[in-house]
Amino acid sequence: MNMMVPYTIILQDNDTGSVSSKVMDAPQDAKQAKEYVTWHLSGTSHVVALVKGNHPGIHGSPGAV
């Protein structure tokens with residue numbers, strides 16, 4: 001059984017370079033989570049970082065409080 005857990009995902013827009021974040025459930029295993037998130041969020045942005053857990057503000061990222 002593959003348990004889904006929340007991840008905070010840092011994304012960077014391919015065209016503008018702007019950075020954003022979102023929370024998404026992904027497999028608990030880090031390698032599987034990376035593949036899952038990359039597949040679901042591919043398109044106009046790419047994944048910069050995956051942080052396990054729901055982190056409303058990550059210090060040092062734009063817009064963090």
Side-chain angles (χ1 to χ4, degrees):
M1 181 166 109
N2 197 1
M3 187 171 161
M4 302 289 268
V5 296
Y7 279 85
T8 300
I9 301 131
I10 310 299
L11 300 164
Q12 185 172 26
D13 188 279
N14 292 334
D15 297 327
T16 65
S18 64
V19 177
S20 62
S21 66
K22 70 183 298 178
V23 175
M24 176 180 180
D25 286 342
Q28 187 170 357
D29 177 73
K31 183 178 179 184
Q32 290 177 358
K34 179 183 173 190
E35 293 170 0
Y36 181 87
V37 168
T38 301
W39 186 80
H40 283 305
L41 297 178
S42 64
T44 61
S45 59
H46 66 274
V47 177
V48 175
L50 239 67
V51 182
K52 192 179 279 188
N54 184 1
H55 301 278
I58 297 178
H59 299 289
S61 68
V65 211

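All values derive from a computational prediction rather than experimental measurement. Note that the numbering runs from 1 along the sequence shown for the chain.
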Where do [X] and [Y] come nearest, in terms of heavy atoms and distance?
| X | Y | value |
| --- | --- | --- |
| Ser45 | Asn14 | N-ND2, 3.6 Å |
| Ile10 | Ser21 | CD1-CB, 3.8 Å |
| Val23 | Pro6 | CG1-CB, 4.2 Å |
| Tyr36 | Asp25 | CE2-O, 3.3 Å |

Does some side-chain heavy atom of [Y] sit less than 4.5 Å from a side-chain heavy atom of [X]?
| X | Y | result |
| --- | --- | --- |
| Val47 | Leu11 | yes |
| Val19 | Val48 | no |
| Pro27 | Met4 | yes |

Response to the item:
To the nearest 0.5 Å, atom CG of Leu41 lies from atom CE of Met24 at 5.0 Å

Discussion item. Nearest 0.5 angstrom please: Met3 CE to Asp29 CG, how far?
Written reply: 13.5 Å

Discussion item. Under a 3.5 Å distance rule, please check whether Asp15 uses its side chain to pair with a backbone N or O of Thr44 as donor and acceptor.
Written reply: no

Practice prompt. Spell out, as yes or no, whether a donor-acceptor pair under 3.5 Å connects the side chain of Gln12 to the backbone of His46.
Written response: no

